[in-house]
**Student:** 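Here it is, the structure in full.
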Amino acid sequence: MSILKIQSLTCEYHTRLIGSDVAAPRFSWILETGNRRAVTQVAYRMQLTTQEGNYSAPIWDTGRVESDQSIHCEYGGPVLVPRQMYRFRVKAWDNEGNETPWSEEGEFELGLQLSDWKSEWITPNDAAIPADAEAAFLLRKGFNLRSDIVSGRVYVTAAGIYELYLNGNKVSEDLFEPGWTSYHHRMQFQTYDVTSYLRNGDNGIGVMLADGWYRGGLGFSGRNYHYGDRRAALVQLHVRYSDGTENVITSDTTWKAATGPVLYSNIYHGEVYDARLERTGWSDPLFDDSSWAAVQTVDLGFNQLVAQENWSNVVTEVISPVETIVTPAGDHVLDFGQNMVGRVRFRVNAPAGTVITLQHSEVLDCDGNIYFGNLRSAKQAVTYVTHGGMEEYAPHFTFMGFRYVKVTGYPLQDNQLPIEAFDGEVIHSDMMETGYFECSDERLNQLQRNIKWGQRGNFLDLPTDCPQRDERLGWTGDAQVFISTALFNYQGAPFFMKWLRDLKAEQHEDGGVPYVIPDIVGGASSAAWGDAAVICPWTVYQYYGDLRLLEEQFESMKKWVEYIRAQGKNEYMWNTGFHFGDWLALDAKENSYIGSTPTSLIATAYFAYSTRIVRDAALVLGRSEEADRYEGLYQNVRQSFQDEFVTKTGRVASPTQTAHVLALVFDLVDEHVKKRVAADLNDMIVENDYHLSTGFVGTPYLCFALSNHGYHTTAVRLLMQESYPGWLYSVSKGATTIWEHWDSIKPDGSFWSDDMNSFNHYSYGAVGDWMYKKVAGLDFSTTVPGFKRTRIAPLFGSTKLTFAKASYLSMYGQVESSWRIIGDRIELEAIIPANTSAEIVLMGAKAGDIVENGITLDQTKGILSITENDDHVLIMVGSGEYRFQYSAAELFREVYDVNTKLVEILMDEKATAVIREHAPNLLEGTLVNLAKPLSLEQISNNTMMRVSSQKLERIVEELAVL
């Protein structure tokens with residue numbers, strides 16, 4: 001058995017890629033090295049051949065390439081032929097002289113080129129079926145094939161959304177294809193291997209076609225026809241025979257059309273399905289379509305067509321209801337126990353013509369009745385009419401956001417819905433799960449589950465704000481604040497690649513960026529929203545090392561920065577135009593959604609941040625002149641920010657949490673000023689009883705601002721705050737996803753306004769990024785992308801947290817950071833994949849006190865260097881699994897000393913009497929409403945005990961004065 005193997009061979013992120021339009025695909029693999037440490041790849045060899053060919057005479061053979069590159073290795077052979085299946089394999093050598101066997105084969109195939117399209121766009125003849133008909137169209141054709149079929153590929157797309165059938169079988173589990181893109185610029189087509197569905201002799205092909213995003217009502221006005229006033233399908237089937245000849249079946253005027261059982265479907269409102277109108281066998285070869293209508297062609301062109309880019313939308317999980325409820329209002333309701341996105345599948349045996357309706361909702365109201373108010377105009381309803389007998393149904397062309405479902409018309413059993421007859425099918429883009437987090441506090445574990453469910457619910461083909469009301473749009477601001485959390489939890493490279501290409505396509509000529517992508521709203525260019533054009537491609541690069549996407553988006557990134565530059569009265573500030581500001585911040589004025597932080601401060605801060613990223617991207621791409629230019633711009637914008645928004649004494653002029661957060665996290669103030677700004681931010685949090693007041697802009701960075709500047713304990717206490725407003729408030733209320741508002745459900749059980757109150761809104765889940773990087777300590781290096789070098793640097797901020805773990809499946813393999821407190825010692829375990837390295841920071845450690853698996857560091861294999869600093873030890877390691885232990889006494893000494901003094905104060909009757917009479921707010925943020933001296937047990941059990949040494953000094957000083 002080899003001690004070195006190739007695993008997880010991929011092409012453009014896919015294990016099997018069919019129908020790509022990438023002319024020079026890239027290949028990646030993971031090295032499996034067993035338990036060995038510090039293993040690196042020193043060389044590789046790739047071979048590529050055709051499906052019929054062999055590796056003894058490959059069309060491309062790299063030979064041995066001296067390189068440690070194992071991700072995104074680009075094809076460099078002869079021009080690849082469209083619609084040709086290729087096989088490829090790789091082997092590698094490591095730094096100890098070991099050679100892998102050849103990997104298992106991978107496969108890829110280029111798709112149909114624009115010049116290869118012979119089909120026509122078809123739609124039912126207007127005279128027979130009006131173009132504005134609500135019912136889904138059925139389009140079909142019969143055809144004949146020879147017996148010596150070798151392969152079949154069908155290329156298909158639609159102006160609308162479709163399901164494709166061959167010989168009575170749905171050819172794919174994919175849903176809502178071709179997905180939602182900027183249709184006028186880019187429309188995806190799908191490629192399916194249908195060889196197994198084809199047969200000798202007669203065959204039948206059919207398309208069921210609905211409005212979807214193309215023609216259905218969308219946006220705040222619910223306007224129809226955003227992209228066109230009629231649906232159409234485009235289908236081209238290529239059948240290859242053993243002698244090399246082909247038969248091509250195209251969509252043309254020989255097809256027939258009808259309507260069927262889907263009488264109505266809409267993304268927001270649901271579906272109406274009358275099973276009595278089913279046309280049994282409609283896509284079978286010999287189906288009698290003589291009474292069907294003719295079709296007509298539509299000139300929609302071909303230049304907008306692109307091969308499938310994103311992961312397909314599929315059912316990823318099936319959930320059973322946890323209970324059935326009869327509400328106080330008498331409604332029969334299913335509770336699925338989880339706020340999810342997808343559809344309900346049910347089975348029923350009822351007389352023909354029975355009408356069953358399902359209405360979907362996220363929550364029950366305080367009286368226990370189902371609540372639809374926050375859906376606004378969206379109906380989220382499915383109506384099914386039975387054909388009689390045993391039957392099964394799930395909607396075809398719509399999805400809902402829900403936990404609860406009100407069911408009417410279904411035959412009851414003992415006055416209850418039969419729970420076993422219903423299943424919840426979870427639907428989203430088929431992203432592979434890559435991230436994991438857990439810790440010793442179950443509330444935070446639930447928060448992490450809520451973050452992931454929020455992402456699953458809103459990553460259905462594009463990053464939407466919410467999945468339930470009459471919106472469901474690709475808001476740019478939401479996407480950019482959440483993208484780092486998203487890419488940790490799920491493989492999102494193709495997902496964001498597709499969305500960013502739409503952003504680039506819809507970017508205005510002057511560089512402005514629409515509020516939503518795809519753009520059906522019309523507004524554009526708010527700070528923090530438009531910055532998605534810069535932040536998102538850079539974050540994808542950091543996670544995956546994807547230089548090609550960064551290069552592709554670089555002009556778009558620059559255009560956004562140059563747009564900003566042209567807006568301000570001063571070219572180094574952005575102080576004009578409309579901005580969403582710190583959206584939904586709690587310091588907003590009455591009747592406003594925009595927080596108190598000046599929009600010009602936020603806009604100028606993002607101006608600097610995006611400029612800095614463009615500078616860094618230029619450096620990575622080898623564009624030194626542009627890097628110099630944007631470095632100069634960055635310094636000027638940074639200086640303008642300081643001149644306008646920072647006083648001469650080092651205070652941020654705007655007294656809001658968000659203003660201080662941006663100044664720190666975007667590095668907009670000098671080092672000597674940061675200490676004061678950070679202290680001021682910390683004081684704001686403490687004086688607000690460890691509560692936040694930030695909105696969409698400040699919240700994602702708030703804990704980073706604290707942790708990175710010496711106030712990690714405050715950040716942890718803020719995270720663990722269970723009262724409103726805070727992340728755990730919704731958890732305490734039973735939330736299973738992230739809410740749009742901190743108090744979407746208020747303490748008394750009432751709701752925030754129906755106008756805007758989503759219970760599945762991932763933005764505030766961006767705190768996950770901080771949990772993974774600072775609590776668990778798992779991060780990528782800022783200088784070496786894609787986890788080629790990992791940074792493991794957990795911070796320890798609370799004795800309430802005694803364990804945390806994060807793991808991530810990187811392009812190189814599994815990387816992990818896990819720590820626990822055992823007595824007065826810290827144990828940290830790290831897993832570093834082969835062909836990578838890591839910098840491990842052990843806070844509060846002394847090099848001489850550290851052991852790794854019981855061995856001193858100087859005897860430990862895999863350690864590359866050790867650097868001791870005042871408050872930590874930095875250890876550089878190669879790949880492998882490590883377990884470090886060291887004393888935590890120094891790290892926690894200040895905490896113990898602080899708490900000892902505080903205990904003395906709080907147990908002293910005279911001191912508490914003085915505090916109560918003269919300074920009742922003195923201990924605010926420590927122990928609220930102090931009425932009498934506390935027992936030691938009460939103090940030790942109180943979650944508000946932790947205070948900083950600075951605050952304790954103030955308490956002691958003021959007590960002395962009193």
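Residues: numbered from 1 along the sequence shown.
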**Student:** Run through Asn458, Leu487, Ile451 and flag the one making a side-chain contact (heavy atoms from CB on, under 4.5 Å) with Phe482.
**Tutor:** Ile451
**Student:** Judged by modelled atom types alone, do Glu551 and Tyr541 share a side-chain donor-acceptor pair under 3.5 Å?
**Tutor:** no
**Student:** Does a salt bridge link Asp274 with Arg276, judged by any charged N lying under 4.0 Å from a carboxylate O?
**Tutor:** yes
**Student:** What's the spacing between Ser28 OG and Leu9 CG if we round to 0.5 Å?
**Tutor:** 8.5 Å
**Student:** If you apply the rule side chain to side chain contact (heavy atoms under 4.5 Å, CB included), what do you find for Asn144 with Asn203, and how did you get there?
**Tutor:** CA-CA 6 Å; Asn144 193 274; Asn203 288 260; over 6 Å; no
**Student:** Look at Arg87 together with Glu109 and state whether they make a salt bridge at an N to O cut-off of under 4.0 Å.
**Tutor:** no
**Student:** Looking only at side chains, do Gln491 and Thr434 share a donor and an acceptor under 3.5 Å apart?
**Tutor:** no
**Student:** Establish, yes or no, whether a centroid distance under 6.0 Å links the rings of Trp213 and Tyr227.
**Tutor:** no
**Student:** Looking only at side chains, do Gln188 and Thr157 share a donor and an acceptor under 3.5 Å apart?
**Tutor:** no
**Student:** Could you state the interatomic distance from CZ (Arg403) to CD1 (Ile319), rounded to the nearest 0.5 Å?
**Tutor:** 10.5 Å
**Student:** With respect to Phe495, which candidate in Trp311, Tyr543, Phe459, Tyr544 satisfies the ring pair (Phe, Tyr, Trp, His ring centres under 6.0 Å) definition?
**Tutor:** Phe459
**Student:** Mind listing the closest non-hydrogen atom pair of Pro518 and Leu462 along with its distance?
**Tutor:** CD-CD1, 3.5 Å
**Student:** Can you tell whether the side chains of Asp126 and Arg230 come within less than 4.0 Å, N to carboxylate O?
**Tutor:** yes
**Student:** Establish, yes or no, whether a centroid distance under 6.0 Å links the rings of Tyr155 and His238.
**Tutor:** yes
**Student:** Are Asn266 and Asp211 side-chain neighbours, meaning at least one heavy-atom pair lies under 4.5 Å?
**Tutor:** no
**Student:** Is it true that Thr736 and Asn339 share a donor-acceptor pair across their side chains at a distance under 3.5 Å?
**Tutor:** no
**Student:** Hey, mind stepping through Glu278 and Trp282 against side chain to side chain donor-acceptor pair (under 3.5 Å) and telling me if it holds?
**Tutor:** CA-CA 9 Å; Glu278 289 176 344; Trp282 69 276; over 6 Å; no
**Student:** Between Glu246 and Arg83, does any side-chain N to carboxylate O distance fall below 4.0 Å?
**Tutor:** yes
**Student:** Verify side chain to side chain contact (heavy atoms under 4.5 Å, CB included) between His396 and Ser265, making sure each step is shown before the conclusion.
**Tutor:** CA-CA 8 Å; His396 293 255; Ser265 68; over 6 Å; no
**Student:** Would you say the side chain of Glu317 lies within less than 4.5 Å of the side chain of Glu425, judging by non-hydrogen atoms?
**Tutor:** no
**Student:** Are any non-hydrogen side-chain atoms of Val81 and Tyr86 less than 4.5 angstrom apart?
**Tutor:** yes
**Student:** Would you say the side chain of Gln380 lies within less than 4.5 Å of the side chain of Ser361, judging by non-hydrogen atoms?
**Tutor:** no
**Student:** Within the 3.5 Å criterion, strictly below it, is a donor on Asp252 or Thr254 matched to an acceptor on the partner's side chain?
**Tutor:** yes
**Student:** Does the separation of the ring centres of Phe189 and Trp117 fall below 6.0 angstrom?
**Tutor:** yes
**Student:** Is it the case that Ser377 and Asp470 place a side-chain donor and acceptor less than 3.5 Å from each other?
**Tutor:** yes
**Student:** Are side-chain N/O atoms of Asp174 and Tyr192 paired as donor and acceptor at under 3.5 Å?
**Tutor:** yes
**Student:** Test Leu139 against Leu209 for side chain to side chain contact (heavy atoms under 4.5 Å, CB included), laying out the working first.
**Tutor:** CA-CA 8 Å; Leu139 307 170; Leu209 180 62; 4.3 Å; yes
**Student:** List the atom of Asp116, the atom of Pro82, and the distance in Å for their closest heavy-atom pair.
**Tutor:** OD2-CB, 4.3 Å
**Student:** So which atom in Cys11 and which in Phe27 form the shortest heavy-atom distance, rounded to 0.1 Å?
**Tutor:** SG-CE2, 3.8 Å
**Student:** Taking Lys452 for the side chain and Glu433 for the main chain, is one N or O donor matched with an acceptor at less than 3.5 Å?
**Tutor:** no
**Student:** State, to 0.1 Å, how close Tyr762 and Asp478 come at their nearest heavy-atom pair, and which atoms those are.
**Tutor:** CE1-O, 3.3 Å
**Student:** Under 4.0 Å between a Lys/Arg side-chain N and an Asp/Glu carboxylate O for Lys504 and Glu552?
**Tutor:** no
**Student:** Flag the pair Leu237 / Phe143 as yes when at least one side-chain heavy-atom distance between them is below 4.5 Å, and no otherwise.
**Tutor:** yes
**Student:** Return each pair, listed once, that meets salt bridge (charged side-chain N to carboxylate O under 4.0 Å, His left out) where at least one residue sits in residues 257-273; pairs must be two or more places apart or across chains.
**Tutor:** none
**Student:** Check for a donor-acceptor pair, side chain of Ser283 on one end and backbone N or O of Gly168 on the other, with a separation under 3.5 Å.
**Tutor:** yes
**Student:** Do the charged groups of Arg345 and Asp423 touch, with an N to O distance under 4.0 Å?
**Tutor:** no
**Student:** Identify the heavy atoms of Ser758 and Gln468 that sit nearest to each other, and give their distance.
**Tutor:** OG-NE2, 2.9 Å
**Student:** Sort out for me which residue in Thr15, Thr10, Leu80 forms a side-chain contact (heavy atoms from CB on, under 4.5 Å) with Phe108.
**Tutor:** Leu80
**Student:** Tell me whether Thr123 contacts the main-chain N or O of Ala232 through its side chain, where contact means a donor paired with an acceptor under 3.5 Å.
**Tutor:** no
**Student:** If you count heavy atoms of other groups shown closer than 6.0 angstrom to NZ of Lys170, is the number above 12?
**Tutor:** yes
**Student:** Would Phe399 and His360 count as a close aromatic pair, with their ring centres under 6.0 Å?
**Tutor:** no
**Student:** Can the positive tip of Lys256 be found less than 6.0 Å from the middle of the six-membered ring of Phe287, inside 45° of the ring normal?
**Tutor:** no
**Student:** Does the ring center of Tyr183 lie less than 6.0 Å from the ring center of Tyr214?
**Tutor:** yes
**Student:** For Glu362 and Arg469, run salt bridge (charged side-chain N to carboxylate O under 4.0 Å, His left out): C-alpha distance rounded to whole Å, both residues' side-chain angles, the deciding distance at 0.1 Å, then the answer.
**Tutor:** CA-CA 10 Å; Glu362 293 186 291; Arg469 68 186 179 216; over 6 Å; no
**Student:** Start with the C-alpha gap between Arg472 and Asp461, add the side-chain angles, then the distance that decides, and say whether salt bridge (charged side-chain N to carboxylate O under 4.0 Å, His left out) holds.
**Tutor:** CA-CA 11 Å; Arg472 312 186 194 192; Asp461 208 64; over 6 Å; no
**Student:** Taking the side chain as everything from C-beta on, heavy atoms only, tell me whether Met497 gets closer than 4.5 Å to Glu309.
**Tutor:** no
**Student:** Would the distance check show the side chain of Gln304 and the main-chain N or O of His184 forming a donor-acceptor pair, the cut-off being under 3.5 Å?
**Tutor:** no
**Student:** Ring centroids only, cut at 6.0 angstrom: are Tyr384 and Phe346 within range, meaning strictly under it?
**Tutor:** yes
**Student:** Taking atom types as modelled, is there a side-chain donor on Thr191 or Arg153 under 3.5 Å from an acceptor on the other?
**Tutor:** no
**Student:** Using a strict 4.0 Å threshold on nitrogen-to-oxygen distance, state whether Asp229 and Arg215 make a salt bridge.
**Tutor:** no
**Student:** Quick one: closest heavy-atom pair of Trp255 and Thr250, and the distance?
**Tutor:** NE1-O, 2.8 Å
**Student:** Using a strict cut-off of less than 4.0 Å between a Lys/Arg side-chain nitrogen and an Asp/Glu carboxylate oxygen, indicate whether Asp289 and Arg140 qualify as a salt bridge.
**Tutor:** yes
**Student:** Centre of Tyr75's six-membered ring, under 6.0 Å away, within 45 degrees of the axis: is that where NZ or CZ of Arg26 sits?
**Tutor:** no
**Student:** Any side-chain heavy-atom pair from Glu107 and Met85 closer than 4.5 angstrom?
**Tutor:** yes
**Student:** Are Leu263 and Glu134 packed together at the side-chain level, in the sense that at least one heavy-atom pair is separated by less than 4.5 angstrom?
**Tutor:** no
**Student:** Side chains of Ser251 and Glu120: do they bring a donor and an acceptor to under 3.5 Å?
**Tutor:** no
